[in-house]
Number of protein chains: 2
Amino acid sequence: MKKTILVFGLLILALLVLFQLSKFSVVSGDMNIESTIAIVAVIFFFVGVYIHKKSLPKEQLESNEIDTSKIQQLDITNREYEVLKFISEGLSNKEIGEKLFVSESTIKTHVSNLLVKLNAKRRTEAVKIAKQLQII
Amino acid sequence: MKKTILVFGLLILALLVLFQLSKFSVVSGDMNIESTIAIVAVIFFFVGVYIHKKSLPKEQLESNEIDTSKIQQLDITNREYEVLKFISEGLSNKEIGEKLFVSESTIKTHVSNLLVKLNAKRRTEAVKIAKQLQII
DNA sequence: AGTCATTTGGTACTTTAGTATGAGCCTTTT
DNA sequence: AAAAGGCTCATACTAAAGTACCAAATGACT
């Protein structure tokens, strides 16, 4: 929180300096008007982008990107990951088996392994943990 | 997609017009340099904010806000909603019962009613649907 | 050729989950 | 007071989910 205030304070200061500099350049004739306005426009455009980005909660920007490396760290195999995604879609073991053209037994095996690897007691908990880890 | 291109096209056009106008104002002496630069800075700042906002996927901005009205539309009661949240946390009926100081039977009743109201076959599907509806 | 990880699938069993039904107790509304 | 909705709980059941083991086929790597 203190950090945010500091950053914004410095930013405003920088903008004021920039603004004064741009005026000075024009008045002193070091630069023509078109260039100055263009530069100011470009800079303030990016400032607008930056401010808006910073104004958003961090999760909304970080989230939605699946962390592939974490999947490997947990030793989750391709097949297991497929099953995990179907679980998060709310499908039963039987339905997942039909989607992947394998038996329900196979899905049960995958699910059991997933629960161990994700340190979950139930499939619902597995979904929660997987989302926290940004795996799905 | 066509709409996006159209909007951005018009936006660029408007900016060019604005840019030319600002130059013209200064050259013709209708406005002083300071004011012109300030106006351009402010406008392009907000353009930056706008562009950045538009560049984000809609879900990232809409999401994270729970839709209270939709909960009522579905006739989900307070208690049922509490249970729903615990389900999404990956708890079992027994664990939820302990958290809410009621029996597992009671939780089963609530879950059954939730599944009907959310039109889900399983608790995992209920979680998925509830998230789609931005209820949790 | 042999090892290893992955995927598959089976049996047998225990544990949760979910359904159906009925009932008692409150509180709010009519 | 009666009706209605919400919360509670129990019984009895069926259906999924999950565990524990075992075993076989496959492909990659050494």
| said: Apply side-chain contact (heavy atoms from CB on, under 4.5 Å) to residues A:Ile96 and A:Ile87 and explain how you reach the verdict. | reply: CA-CA 8 Å; A:Ile96 297 172; A:Ile87 290 175; 3.9 Å; yes
Discussion item. As a quick check of understanding, evaluate salt bridge (Lys or Arg N to Asp or Glu O under 4.0 Å) for A:Glu95 and B:Arg122, giving each step before the final call.
Written reply: CA-CA 12 Å; A:Glu95 288 169 340; B:Arg122 281 163 290 279; 2.8 Å; yes
Practice task
Could you walk me through whether B:Glu82 and B:Lys85 pass salt bridge (Lys or Arg N to Asp or Glu O under 4.0 Å), step by step?
Solution key: CA-CA 5 Å; B:Glu82 287 184 279; B:Lys85 281 196 294 188; over 6 Å; no
Carefully, step by step, assess B:Thr106 and B:Ser103 under the rule side chain to side chain donor-acceptor pair (under 3.5 Å). CA-CA 5 Å; B:Thr106 307; B:Ser103 78; 3.2 Å; yes
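The distance from atom CD of A:Gln72 to atom P of C:dT6 is 11 Å, rounded to the nearest whole Å. Following rounding to the nearest Å, A:Phe101 (CZ) and C:dT7 (C1') show an atom-to-atom distance of 16 Å. A:Lys117 places its NZ atom 11 Å from the C1' atom of C:dT7, with the value rounded to the nearest Å. Rounded to an integer number of Å, the gap from A:Glu82 CD to C:dT7 P is 8 Å. One interatomic measurement links the two molecules: CG of A:Asn78 to P of C:dT8, which rounds to 11 Å at whole-angstrom precision.
Residue A:His110 places none of its side-chain N or O atoms closer than 4.0 Å to OP1 or OP2 of C:dT7.
Going from atom NZ of B:Lys117 over to atom CD of B:Glu80 covers 3.5 Å, rounded to the nearest 0.5 Å. Considering CD1 of B:Ile129 and CD1 of B:Ile135, their distance stands at 9.5 Å, rounded to 0.5 Å. Atom CD1 of A:Ile66 and atom NZ of A:Lys131 lie 13.5 Å apart (nearest 0.5 Å).
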Close N or O pairs between protein and nucleotides 16-23 of chain C (under 3.5 Å):
{"from": "C:dA17", "atom 1": "OP2", "to": "B:Asn93", "atom 2": "N", "distance (Å)": "3.0"}
{"from": "C:dG18", "atom 1": "OP1", "to": "B:Arg123", "atom 2": "N", "distance (Å)": "2.8"}
{"from": "C:dG18", "atom 1": "OP2", "to": "B:Arg123", "atom 2": "NE", "distance (Å)": "2.9"}
{"from": "C:dG18", "atom 1": "OP2", "to": "B:Arg123", "atom 2": "NH2", "distance (Å)": "3.4"}
{"from": "C:dG18", "atom 1": "N7", "to": "B:Lys108", "atom 2": "NZ", "distance (Å)": "3.2"}
{"from": "C:dG18", "atom 1": "O6", "to": "B:Lys108", "atom 2": "NZ", "distance (Å)": "2.7"}
{"from": "C:dT19", "atom 1": "OP2", "to": "B:Ser112", "atom 2": "OG", "distance (Å)": "2.5"}

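Using a 4.0 Å heavy-atom distance criterion, B:Ser103 is classed as a sugar-phosphate-only contact. Within 4.0 Å of B:Thr106, counting heavy atoms only, lies at least one base atom of the nucleic acid.
Nearest heavy-atom pair, B:Lys94 versus B:Glu104, reported as atom, atom and distance to 0.1 Å: N-CG, 3.9 Å. Residues B:Ser88 and B:Ile136 approach most closely at CB-CD1, 3.7 Å, considering heavy atoms.
For B:Thr77 and B:Ser105, each mapped to the nucleotide of DNA chain D holding its nearest heavy atom, the one lying further toward the 5' end belongs to B:Thr77.
Here the range on DNA chain D touched by chain A, meaning any atom under 4.0 Å from one of its heavy atoms, is D:dA17 to D:dT19.
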